[in-house]
Undergrad: 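To start, I am sharing the structure in question, which I have written as structure tokens.
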Amino acid sequence: MKSYLHLENGSVFEGELLTKSTEKTITGEIVFFTGMTGYQEVLTDPSYKDQIVIFTYPLIGNYGINEHDFESKKPHVAGVIVYEGNMSHSHYQAKYSIGEYLDKWNIPLLSHVDTRAVVKNIRQEGSMQAVITADEKYTVVPSLTGLSAHVAEVSTKVVEKFGEGGKHVVMMDFGYKKSILDSLVAQGCRVSVVPFDTEFEQIKDLKPDGILLSNGPGDPKQLEYLLGNIKKIITSFPTMGICLGHQLTALALGGNTKKMLFGHRGANQPVVDLKTKQVYMSSQNHSYEVDEPSLQGTSLQVRFRNVNDNTVEGLMHEDLPIFTTQYHPEANPGPIESSLLFKDFLQMINDYSGREKAYA
Ligand SMILES: NC(=O)CC[C@H](N)C(=O)O
């Protein structure tokens, strides 16, 4: 069925709707992902909640959707745009085609769109509101708040426990990816996943050896009301922050964040570790960044930097055992070379165990 993608700037693109769903009209912020593979992880990463994702790689769906690569229990994207969507798949472990999977959740897959032209619009004018509809004429209403999703919609409501290991990590769930949990368990951790707004006293009662602040959707400033609590937590236990968790660490300790023009979403963003001078290829998915000048006068230092555009890609604290990455060391989808950072986190936990008094 013929359908259309309308952008906030008035541009219209024709495509073919491959899913049966959606006579309805879908609205979301449109963002582009440049990785050649990894669409299953993208669809199910809660950080993409309510966004329309356009894939720049021209053939999407050829290896299907399998049982192993889900990042959460369901897809979170509002809609998917591709140049050519493959409705049959070749991989023997695949359970669904991408179309069948999206149909199951009533999410539209619009194919045969001039994706290059759409992405040029986004690169020039920034991420913007977009609509997928069967109507050729449509006026897209700009988002008033810029907040498409709230963390409360994707965070767990109850404490969930995983793994049997000796060290206990409490992961504050702002919309965590399963690969982060798997990476911690693989390091021999016992993990408690807790709601995003769990208070310091409750976290303390869980007797954590370390804290992980997870990734998650939307503007980090939507959680401004929780920064006091987050500050107390991260200055009391060894902490690793990933993506939204990195941004919240910066905000809680006196830094600032701002929206990027179109963000970083892909699997080959080069990041340099300023401590070791080593460059890693990294997997990324974010629209906001830590504003570097705002870090002046705080106890945070830039540890990782994007080699393409020099943006801040990670922080470390001058005195306390805290480090963060804007990128995704759990690396799904993407290169696994940064996964060693989970080992560093465990090392940091071990180094600091028994030194809790240092915090007093
Ligand atoms: N993956 C994430 O955690 C994304 C963080 C934040 N929502 C952003 O877009 O910048």
Side-chain angles (χ1 to χ4, degrees), residues 28-35 38 41-54 71-72 75-78 122 126-129 143 145-156 171-181 183 193 196 212-224 226-227 230 239-252 255-267 269 271 282-292 294 304 306 309 311-315 323-334 338 341:
E29 181 189 42
I30 189 162
V31 294
F32 64 88
F33 177 84
T34 60
E41 292 86 336
V42 168
L43 302 181
T44 56
D45 174 348
S47 302
Y48 283 98
K49 179 150 178 57
D50 294 344
Q51 290 177 322
I52 296 176
V53 178
I54 179 162
E71 287 296 343
S72 66
H76 296 276
V77 294
I122 304 170
S127 321
M128 57 184 105
Q129 287 295 103
S143 161
T145 57
L147 292 183
S148 52
H150 197 282
V151 161
E153 295 169 54
V154 290
S155 177
T156 182
M171 171 148 70
M172 297 193 75
D173 175 19
F174 301 103
Y176 81 95
K177 291 168 70 183
K178 185 171 164 286
S179 303
I180 296 178
L181 174 63
S183 303
V193 178
F196 72 106
L212 196 135
L213 302 184
S214 85
N215 62 295
D219 184 341
K221 287 186 183 163
Q222 70 184 302
L223 298 178
E224 222 146 22
L226 291 177
L227 292 177
I230 292 173
T239 296
M240 175 174 180
I242 298 178
C243 213
L244 186 69
H246 150 84
Q247 297 162 353
L248 291 169
T249 302
L251 289 174
N256 201 4
T257 56
K258 60 182 185 191
K259 191 157 190 188
M260 302 167 84
L261 187 60
F262 49 80
H264 297 146
R265 288 180 182 79
Q269 287 282 339
V271 163
S282 71
S283 170
Q284 303 207 5
N285 161 25
H286 65 109
S287 291
Y288 295 84
E289 63 175 310
V290 169
D291 182 32
E292 191 165 354
S294 77
F304 299 99
N306 191 301
D309 61 10
T311 50
V312 176
E313 290 283 4
L315 301 167
F323 77 89
T324 66
T325 59
Q326 178 63 81
Y327 60 97
H328 286 269
E330 80 284 356
N332 281 311
S338 299
L341 286 180

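Indexing begins at 1, ligand by ligand and atom by atom, following the structure's order. For reference, positions follow the sequence shown, starting with 1. Everything numeric here is computed off the predicted structure, so don't read it as measured data.
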Undergrad: How far is atom 9 (O) of ligand 1 from the closest protein heavy atom, and which atom is that?
TA: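 Checking every protein heavy atom, the shortest distance to atom 9 (O) of ligand 1 gives S287 N, 2.8 Å.
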Undergrad: Hey, is ligand 1 close enough to D219 that some N/O pair sits below 3.5 Å?
TA: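 Such a contact does not occur with ligand 1.
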Undergrad: Would you say that N215 contacts F174 through its side chain, given a criterion of any heavy-atom pair below 4.5 Å between the two side chains?
TA: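 Heavy-atom side-chain distance check fails, nothing below 4.5 Å.
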Undergrad: Applying salt bridge (Lys or Arg N to Asp or Glu O under 4.0 Å), can you list everything that pairs with E41, at least two apart in sequence or on another chain?
TA: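 None.
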Undergrad: Using a 4.0 Å heavy-atom cut-off, which part of Q247 comes near ligand 1: side chain, backbone, both, or neither?
TA: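 Side chain only; the backbone of Q247 stays clear of ligand 1.
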Undergrad: Is there a nitrogen or oxygen of Y288 sitting under 3.5 Å from a nitrogen or oxygen of ligand 1?
TA: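 Yes; the residue has a nitrogen or oxygen that sits under 3.5 Å from a nitrogen or oxygen of the ligand.
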Undergrad: Step by step, would you call H328 with I242 a side-chain contact (heavy atoms from CB on, under 4.5 Å)?
TA: CA-CA 7 Å; H328 286 269; I242 298 178; 3.9 Å; yes
Undergrad: For a side-chain contact (heavy atoms from CB on, under 4.5 Å) check, start with the C-alpha distance between Q51 and R265, then their side-chain angles and the critical distance, and finish with the verdict.
TA: CA-CA 12 Å; Q51 290 177 322; R265 288 180 182 79; 3.7 Å; yes
Undergrad: Less than 4.5 Å apart, side chain to side chain, heavy atoms only: is that true for L251 and T257?
TA: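 When only atoms from C-beta onward are counted, T257 and L251 do touch, with a gap below 4.5 Å.
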Undergrad: So if I count the atoms of ligand 1 from 1 in the order they appear, which ones are less than 4.0 Å from some heavy atom of S47?
TA: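 Heavy-atom distances to S47 below 4.0 Å select 1 (N), 2 (C), 3 (O).
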Undergrad: Does a side chain donor of either Q284 or E313 reach within less than 3.5 Å of an acceptor in the other side chain?
TA: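 Short answer, yes.
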Undergrad: Give the atom numbers and elements of ligand 1 that come within less than 4.0 Å of a heavy atom of H328.
TA: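 That gives atoms 1 (N) of ligand 1.
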Undergrad: Kindly indicate whether the side chain of L226, heavy atoms from C-beta on, has any atom under 4.5 Å from the side chain of F196.
TA: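 Side-chain contact under 4.5 Å: yes.
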Undergrad: Could you list the atoms of ligand 1 found under 4.0 angstrom from a heavy atom of L244?
TA: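 That gives atoms 2 (C), 3 (O), 5 (C) of ligand 1.
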Undergrad: Output the list of atoms in ligand 1 that are nearer than 4.0 Å to some heavy atom of N215, sorted by atom number.
TA: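 Counting from 1, the qualifying ligand atoms are 1 (N), 2 (C), 3 (O).
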Undergrad: Answer with side chain, backbone, both or neither: which part of P220 has a heavy atom less than 4.0 angstrom from an atom of ligand 1?
TA: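 For P220, no heavy atom sits under 4.0 Å from ligand 1.
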Undergrad: With nothing but distance in play, are any N or O atoms of D45 less than 3.5 Å from an N or O of ligand 1?
TA: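 No, no N or O pair falls under 3.5 Å.
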Undergrad: Considering only protein heavy atoms, which is closest to atom 6 (C) of ligand 1, and at what distance to one decimal place?
TA: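 Nearest protein contact, heavy atoms only, for atom 6 (C) of ligand 1 is G218 O, 3.3 Å.
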Undergrad: Between T44 and E71 (side chain of the first, backbone of the second, donor and acceptor by atom type, cut-off under 3.5 Å), is there such a pair?
TA: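 Present.
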Undergrad: Pick whichever of S214, C243, S283, G245 has a heavy atom sitting closest to atom 2 (C) of ligand 1.
TA: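 Going through S214, C243, S283, G245 one by one, C243 has the nearest heavy atom to atom 2 (C) of ligand 1.
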Undergrad: Considering non-hydrogen atoms of the protein only, which is the closest contact for atom 5 (C) of ligand 1, and what is the distance?
TA: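 Its nearest protein heavy-atom neighbour is G216 O, 3.3 Å.
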Undergrad: Number the atoms of ligand 1 from 1 as they appear, then name those within less than 4.0 Å of a heavy atom of H286, with their elements.
TA: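 In order of number, 8 (C), 9 (O), 10 (O).
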Undergrad: Can you tell if the side chain of Q326 reaches within under 4.5 Å of the side chain of N306, non-hydrogen atoms only?
TA: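 No - every pair of side-chain heavy atoms lies 4.5 Å or more apart.
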